[in-house]
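Quantities reported herein were computed from a predicted structural model and do not represent experimental measurements. Chain identifiers are assigned alphabetically (A, B, ...) following the order of the sequence lines, protein sequences preceding nucleic acid strands; residue numbering begins at 1 within each chain.
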2 protein chains.
Amino acid sequence: MTSFTEENYLKVIYKLSSETDSEVSTNAVAEQTQTKAASVSDMLRKLSEKKLVSYQKYQGVRLTAEGEKVALKVIRKHRLWEVFLVEKLGFNWDEVHDIAEELEHIDSEKLVAKLDEYLGFPSFDPHGDPIPDHHGVMPAQTYLTLAEIKKGEEVIMMGVSEHSSAFLQYLDKINLVLGTSIEVLDINNFDKSLQIILSQENSLFITHEVSKNILVKVQ
Amino acid sequence: MTSFTEENYLKVIYKLSSETDSEVSTNAVAEQTQTKAASVSDMLRKLSEKKLVSYQKYQGVRLTAEGEKVALKVIRKHRLWEVFLVEKLGFNWDEVHDIAEELEHIDSEKLVAKLDEYLGFPSFDPHGDPIPDHHGVMPAQTYLTLAEIKKGEEVIMMGVSEHSSAFLQYLDKINLVLGTSIEVLDINNFDKSLQIILSQENSLFITHEVSKNILVKVQ
DNA sequence: GAATAATTTTAGATTAATCTAAAAATTAGT
DNA sequence: ACTAATTTTTAGATTAATCTAAAATTATTC
Ligand SMILES: [Mn+2]
Ligand SMILES: [Mn+2]
Ligand SMILES: [Mn+2]
Ligand SMILES: [Mn+2]
């Protein structure tokens, strides 16, 4: 059995590991879990004994196949619950993360299966993140960031890579929501800010910091 | 803040207290929480310091108004989630208790409010137990047990006071479900077993042990 | 290729929740 | 009203998860 705490560590290691595609450092885990490096060292030793991570002192950590399986199950639950909260209960996309952070640890295969079915087997969560299926397989998803799009191109918004409430509420305010069509009108070479036009209607400016965190696909 | 564990203790004290309407003994709590009396003593001291129970050594324990408020919130969440699991996800009434036992600790006023609304503000859970409202007020509910009904009377099944999977599955098997009309055809004076007839169809025998755990209302 | 800086681990404590065994208090039986 | 039985509390340990401070290791820089 994996505890609440262990599951959160595994999820963090999964996330950091898939970003860099290499060993994850103790400090990186400490930052993400909001703990201290000393606590992380202890936990890594423990997870290693449980064969959920492969870990050599001072050499960083990776998930084992078993550890990845557990992480993917938790991520699956997190994202399914987020879909439920938004689609069924009417929450806004900026309100669901913390609640899903608790719901994700509830342990019942049958519950997950029935929830998945009730939601119509969704492939993406309200932030555009892919939902692993029953076997832990992530739907394919090859997006670019809006910052990578060339002047004149038109794309569709598919997700975000920053999940803070502040960022999501800002996107709401400027009507940048999933599915929106975005045309890049102009790129400022000095600060990489963009002038864009949404669904052939209103034009607006966004900073490079914002465009980097918006995931899009070319039509 | 109240922990998982504290909430479970408060719920147990609430339950035992409302059954006997007096102070609850350490041993009774230990039995219900599946712990030892020594652990309960410790916890009662702690809950007492937090002003959630009034407790004098050796004299048993009671909830304070604040403790009762917390207990009722947890019970409200437990029962709302049970309704969700049965009504929306299609679980059977004997499968939902353990899952609700985890869901009940998720802490979000907004989640509870939205869930309540989504379910249509139900007053009773799938076992016929009353759901406290937003202010902690329990719907009125003055049922008799089937064991108290006289020969020849006809009643409607409104709930159960035993929640084990075995008992609920047995009731399913004999078609004794909430809302069923029950007529007491005969009472065996020796062992208090009953011959009953359901919704003017099949007649069957049930033991006193069973009839004691079935809650009914006279039409 | 040392010396210094940064990172990581260990040592030793703390807090919450639990246990067993022993001591204390209450209740019951004569 | 004692004594015996039962219940409850305390004492002392244990386990999981965390922390701070110190030691050990690895990385960087001149
Ligand atoms: Mn979590
Ligand atoms: Mn998400
Ligand atoms: Mn519980
Ligand atoms: Mn119930």
Side-chain angles (χ1 to χ4, degrees), chain A residues 1-14 16-17 19-20 22-63 67 70-71 74 101-102 104-107, chain B residues 1-14 16-17 19-20 22-63 67 70-71 74 101-102 104-107:
Chain A
M1 262 303 73
T2 45
S3 71
F4 227 84
T5 313
E6 289 167 348
E7 288 185 353
N8 285 335
Y9 272 93
L10 293 174
K11 228 177 42 159
V12 161
I13 297 166
Y14 179 90
L16 294 171
S17 191
E19 278 168 7
T20 69
S22 71
E23 275 75 22
V24 176
S25 77
T26 299
N27 265 348
V29 175
E31 195 188 344
Q32 284 279 319
T33 53
Q34 310 250 62
T35 60
K36 296 302 159 76
S39 311
V40 174
S41 279
D42 258 2
M43 181 56 87
L44 294 185
R45 193 188 30 66
K46 191 177 143 197
L47 291 172
S48 182
E49 274 165 22
K50 286 192 165 191
K51 311 271 188 213
L52 295 168
V53 302
S54 61
Y55 166 61
Q56 311 260 90
K57 272 198 250 183
Y58 295 101
Q59 303 306 307
V61 68
R62 261 179 192 288
L63 295 180
V70 175
V74 178
E101 204 60 45
E102 297 190 51
E104 72 190 359
H105 302 292
I106 289 177
D107 183 34
Chain B
M1 258 308 70
T2 45
S3 71
F4 253 65
T5 313
E6 290 168 346
E7 288 185 353
N8 284 336
Y9 272 93
L10 292 174
K11 229 177 42 161
V12 161
I13 296 166
Y14 179 90
L16 294 170
S17 191
E19 278 169 7
T20 68
S22 70
E23 276 75 21
V24 176
S25 77
T26 300
N27 265 349
V29 175
E31 196 187 346
Q32 284 279 317
T33 52
Q34 310 251 60
T35 60
K36 296 302 159 77
S39 311
V40 174
S41 280
D42 259 1
M43 182 57 86
L44 294 186
R45 193 188 30 68
K46 191 176 141 198
L47 290 172
S48 182
E49 273 165 22
K50 287 191 165 195
K51 312 270 189 214
L52 295 167
V53 302
S54 61
Y55 166 60
Q56 311 259 90
K57 274 200 247 181
Y58 295 102
Q59 304 306 306
V61 68
R62 261 179 192 286
L63 296 180
V70 175
V74 178
E101 204 60 45
E102 298 191 50
E104 73 190 357
H105 302 292
I106 289 178
D107 184 32

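- Lys50(B) places a side-chain N or O within 3.5 Å of a backbone atom of Met1(B) that can act as its donor or acceptor partner.
- Across all strands shown, Ser39(B) has heavy atoms under 4.0 Å from base atoms, whether or not it also approaches the sugar-phosphate.
- You'll find that the side chain of Ala37(B) is closest to dT9(D), out of dC19(C), dT9(D), dT20(D).
- A salt bridge links Glu101(B) with Lys11(B): the closest approach of a Lys/Arg side-chain nitrogen to an acidic carboxylate oxygen falls below 4.0 angstrom.
- Closest to the Lys36(A) side chain, of the nucleotides dC19(D), dT18(C), dA11(D), is dC19(D).
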Subject >> Leu10(B) and Val53(B): CA distance, side-chain angles, deciding distance, side-chain contact (heavy atoms from CB on, under 4.5 Å) verdict >> reply: CA-CA 8 Å; Leu10(B) 292 174; Val53(B) 302; 4.0 Å; yes
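- Within the structure, a side-chain polar atom (N or O) of Thr26(B) is placed less than 4.0 Å from OP1 or OP2 of dT9(D).
- For Gln59(A) and dT26(D), the shortest distance from a side-chain N or O to OP1 or OP2 is below 4.0 Å.
- Residue Ser41(B) has a polar side-chain atom (N or O) positioned under 4.0 Å from OP1 or OP2 of dT9(D).
- At the heavy-atom level, Phe4(A) lies nowhere under 4.0 Å from the strands shown.
- Within residues 49-58 of chain B, the residues having any heavy atom under 4.0 Å from DNA chain D are, by residue number, Tyr55(B), Lys57(B), Tyr58(B).
- Thr5(A) has no side-chain polar atom (N or O) that falls below the 4.0 Å cut-off from OP1 or OP2 of dA16(D).
- Here Asn27(A) reaches the OP1 or OP2 of dT8(C): one of its side-chain N or O atoms lies under 4.0 Å away.
- Glu6(B) places a side-chain N or O within 3.5 Å of a backbone atom of Ser3(B) that can act as its donor or acceptor partner.
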